[in-house]
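Notes follow the structure.
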Amino acid sequence: MQNKSKMTRRKFMAAAGGSLVSIGLPGVFVKLLDAENEAFAAELRPDGRLRIPPGQHAVKQLSDMGGVKGVGMVPAWRLEISGAIKQPRTLTFGDVMKLPQVPLTCDVHCVTTWTLLDSRWQGVSLQTIMDLVKVGKDAKFVVFEAPGDYSSSIPIAEAKKDNVLLAHGFSGKPLAQAHGAPLRALVPDRYFYKSVKWVQRIKFTKEDEPGYYETRGYSNSADPWKEERYSD
Ligand SMILES: Nc1nc2c(c(=O)[nH]1)N[C@H]1C(S)=C(S)[C@@H](COP(=O)(O)O)O[C@H]1N2
Ligand SMILES: [Mo]
């Protein structure tokens with residue numbers, strides 16, 4: 001461990017050969033070698049937190065975790081933005097694409113224990129949307145809503161972070177329908193159930209509105225480094 005923690009990830013991967021083992025459904029959950037996970041686990045993020053949060057393991061690819069799909073990339077798609085804001089807006093996909101576009105490479109952490117490192121996303125910063133609609137000082141939460149009663153919320157302080165996006169691209173390609181096309185929330189520093197796929201409405205609220213998983217026994221704060229998986 002002492003030696004490994006001093007190796008760079010690249011050197012370690014070369015030494016380990018980068019082999020893979022499958023767990024669960026072959027090709028769906030692909031777990032990296034435990035040794036390789038140890039190397040990742042020894043890495044720290046720029047903010048000093050562990051690269052792999054406690055109880056998580058790195059996987060090689062994004063899994064389709066399902067859910068009630070939205071309409072997808074069709075001309076009729078709209079994003080409604082409402083609540084404690086001065087300028088409610090309904091945006092077309094073209095409107096979203098006219099806003100400043102940002103690339104983001106980040107890690108995402110599913111509460112079922114998989115972590116995808118260095119996932120590459122493209123989208124619009126949530127802060128850009130907040131500036132556009134002029135969010136009021138009384139807005140304390142952001143609620144993302146999707147079809148099928150799926151929703152999730154985050155506090156406004158989390159929403160203002162640079163790495164919180166509305167994403168429409170993944171791995172250099174348009175986001176696939178299974179992963180939330182045309183637009184999904186991306187809240188990398190909370191468990192992935194906060195990253196609502198097929199977002200159709202964003203509400204700014206004074207009171208919190210705990211979402212689909214948060215009202216079914218999962219944590220509302222959902223901090224992977226504190227292992228906040230369940231509500232109690
Ligand atoms: N609309 C919607 N968004 C959702 C979900 C869902 O069921 N419906 N599942 C959540 C969960 S639990 C996870 S882990 C991620 C999975 O995203 P993926 O399918 O792109 O991997 O989406 C989150 N967002
Ligand atoms: Mo999840």
Side chain of [X], backbone of [Y]: donor and acceptor closer than 3.5 Å?
X: W198; Y: Q177; result: yes
X: Q101; Y: L99; result: yes
X: S231; Y: G217; result: yes
X: S125; Y: Q127; result: yes
X: E228; Y: Y218; result: no
X: K86; Y: V133; result: no
X: S119; Y: C106; result: yes
X: E80; Y: R201; result: no
X: Y193; Y: S219; result: yes
X: R184; Y: S195; result: yes

Would [X] and [Y] show up in the same hydrophobic cluster when neighbours are defined by side-chain heavy atoms closer than 4.5 Å?
X: V102; Y: L126; result: no
X: L166; Y: V71; result: yes
X: L175; Y: L104; result: yes

So do [Y] and [X] actually touch side chain to side chain, heavy atoms under 4.5 Å?
X: L44; Y: L50; answer: yes
X: V187; Y: S152; answer: no
X: I154; Y: F144; answer: yes
X: K173; Y: S171; answer: no
X: Y150; Y: V196; answer: yes
X: D107; Y: D118; answer: yes
X: Y191; Y: Y213; answer: no
X: L183; Y: V124; answer: no

Inset, instruction - Verify side chain to side chain contact (heavy atoms under 4.5 Å, CB included) between L186 and V164, making sure each step is shown before the conclusion. - result: CA-CA 6 Å; L186 183 62; V164 175; over 6 Å; no

Please tabulate, one pair per line, all N/O donor-acceptor pairs under 3.5 Å involving side-chain atoms of residues 90-98, not counting sequence neighbours.
residue: T92; atom: OG1; partner: G94; partner atom: N; Å: 3.4
residue: T92; atom: OG1; partner: D95; partner atom: N; Å: 3.0
residue: T92; atom: OG1; partner: D95; partner atom: OD1; Å: 3.4
residue: T92; atom: OG1; partner: D95; partner atom: OD2; Å: 3.2
residue: D95; atom: OD2; partner: T92; partner atom: N; Å: 2.9

What's the separation between atom [atom1] in [X] and atom [atom2] in [Y], rounded to the nearest 0.5 Å?
X: T105; Y: L117; atom1: OG1; atom2: CG; answer: 11.5 Å
X: N220; Y: T215; atom1: CG; atom2: OG1; answer: 9.5 Å
X: Q61; Y: L116; atom1: CD; atom2: CG; answer: 9.0 Å

If you take all heavy atoms of [X] and [Y], which pair is closest and at what distance?
X: S151; Y: V143; answer: CB-CG1, 4.4 Å
X: D47; Y: R45; answer: OD2-NH2, 2.7 Å
X: A185; Y: V199; answer: N-CG2, 3.6 Å
X: M65; Y: C110; answer: CE-SG, 3.8 Å
X: L165; Y: G123; answer: CD1-N, 4.1 Å
X: G72; Y: P182; answer: O-CD, 3.4 Å

Taking [atom1] in [X] as the centre, count heavy atoms belonging to other residues, nucleotides or ligands within less than 6.0 Å. Is the count above 12?
X: K160; atom1: NZ; answer: no
X: R89; atom1: CZ; answer: no
X: R49; atom1: CZ; answer: yes
X: D138; atom1: CG; answer: yes

Inset, instruction - Please test W114 against Q56 for side chain to side chain contact (heavy atoms under 4.5 Å, CB included), starting from the C-alpha separation and ending with a verdict. - result: CA-CA 6 Å; W114 59 258; Q56 297 291 113; 5.6 Å; no

Inset, instruction - Please step through side chain to side chain contact (heavy atoms under 4.5 Å, CB included) for the pair R229 and T113, ending with a clear verdict. - result: CA-CA 10 Å; R229 296 179 196 272; T113 75; 4.0 Å; yes

Between [Y] and [X], is there a salt bridge with N-O shorter than 4.0 Å?
X: K140; Y: D208; answer: no
X: E214; Y: R216; answer: no
X: E209; Y: K203; answer: yes

Inset, instruction - Check the angle between the aromatic planes of H179 and F170 and answer parallel, tilted or perpendicular using the 30° and 60° thresholds. - result: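 Taking F170 first and then H179, their aromatic rings sit tilted (interplane angle of 30° to 60°).
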
Inset, instruction - Measure the acute angle between the ring planes of H109 and W225, then classify it against the limits of 30° and 60° as parallel, tilted or perpendicular. - result: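 It falls in the perpendicular class, over 60°.
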
Legend entry - Ring centres under 6.0 angstrom apart (F141, F204):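 No; F204 has its ring centre 6.0 Å or more from that of F141.
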
Inset, instruction - Cation-pi check, R190 to F192: give yes when NZ or CZ is under 6.0 Å from the six-membered ring centre and within 45° of the ring axis, no otherwise. - result: no

Inset, instruction - Name all residues meeting the side chain to side chain donor-acceptor pair (under 3.5 Å) criterion together with N163; count only those two or more places apart in sequence or in a different chain, and write none if there are none. - result: D189

Inset, instruction - Could you walk me through whether H168 and Q122 pass side chain to side chain contact (heavy atoms under 4.5 Å, CB included), step by step? - result: CA-CA 6 Å; H168 55 72; Q122 185 84 20; 3.8 Å; yes

